[in-house]
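Beneath this line is the structure, given in structure tokens, with notes to follow.
If you're wondering where the values come from, they're calculated on a predicted model, not measured in any experiment.
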Amino acid sequence: MPYTLMTTIKPGPRMQEAESAEELASLLAEVTAIREANGGEMVLGGQDTANGVFVSISTYPDVEAATKASFEISVSRLVEIVSSGRFISNEDFFSGMMAAMDKA
């Protein structure tokens, strides 16, 4: 079953040490390669300026693939994972809540 993961990150030691745009691009490509090797695809990514973190929403084939990718990205020292968990769209969230309320 497809799994959507929302992760907030900060640059890890390796990214903090980057000294050129070319080096940073190479490190970002490493993160992308890890995600893709685990069947992941980024849906949306951006900066949460209020909290000083980057946000990534990615889909994976299942929770195991998402978990494996998170472990591999974390130990790569490319980024520091601040939080990571299942992402549920508003449509799915409210649909599920309404269905549960109808059964209560």
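Using a 4.5 Å cut-off between side-chain heavy atoms of Ile, Leu, Val, Met, Phe, Trp and Tyr, with links allowed through other members, Ile34 and Tyr60 fall into different hydrophobic clusters. Linking ILVMFWY side-chain heavy atoms closer than 4.5 Å, directly or via other members, places Ile81 and Met6 in two distinct hydrophobic clusters. A continuous path of Ile, Leu, Val, Met, Phe, Trp and Tyr side chains, each step under 4.5 Å between heavy atoms, connects Leu27 with Ile9, placing both in one hydrophobic cluster. No single ILVMFWY cluster, assembled from side-chain heavy atoms under 4.5 Å apart, contains both Phe54 and Leu44.
For the 3.5 Å distance criterion, the side chains of Thr59 and Thr4 fail to qualify, holding no donor opposite an acceptor.
Side chains of Met15 and Leu24 form a contact here, defined as non-hydrogen atoms less than 4.5 Å apart. Two residues are said to be in side-chain contact when any heavy atoms from C-beta on lie closer than 4.5 Å; Val82 and Lys10 meet this criterion.
Using modelled atom types, one side-chain atom of Ser76 and one backbone atom of Ile73 make a donor-acceptor pair closer than 3.5 Å. Looking only at distances, a side-chain donor or acceptor of Asp48 sits under 3.5 Å from a matching main-chain atom of Ala50. Ser74 places no side-chain N or O within donor-acceptor distance of the main-chain N or O of Ser70, the cut-off being under 3.5 Å.
Residue Leu5 holds its CG atom at 7.5 Å from OG1 of Thr67, rounded to the nearest 0.5 Å. Atom CG of Asn38 and atom CZ of Phe71 lie 11.5 Å apart (nearest 0.5 Å). The structure places OG1 of Thr7 at 9.0 Å from CE of Met42, a figure rounded to the nearest 0.5 Å. Put simply, CZ on Phe94 and OG on Ser89 are 10.0 Å apart, with the number rounded to the nearest 0.5 Å. To the nearest 0.5 angstrom, Glu72 atom CD is 11.5 Å from Leu78 atom CG. Atom CG of Leu28 and atom CD of Glu23 lie 11.0 Å apart (nearest 0.5 Å).
Using a cutoff of 4.0 Å between basic side-chain nitrogens and carboxylate oxygens, Arg35 and Glu41 are not scored as salt-bridged. Ionic pairing of Glu64 and Lys68 is not present here: no N-O contact between side-chain nitrogen and carboxylate oxygen is shorter than 4.0 angstrom.
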Open item on the list: Please evaluate residues Thr8 and Ser83 with respect to the criterion side chain to side chain donor-acceptor pair (under 3.5 Å), reporting the C-alpha separation (whole Å), side-chain torsions for both, the decisive distance (0.1 Å), and the verdict.
Closed with: CA-CA 5 Å; Thr8 59; Ser83 67; 2.6 Å; yes

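Counting non-hydrogen atoms of other residues, nucleotides and ligands closer than 6.0 Å to CD of Glu91 gives a total of 12 or fewer. In the displayed structure, Gln16 atom CD is contacted under 6.0 Å by more than 12 heavy atoms of other residues, nucleotides or ligands.
Between Tyr3 and Asp62, the closest heavy-atom pair is CB-C, 3.6 Å.
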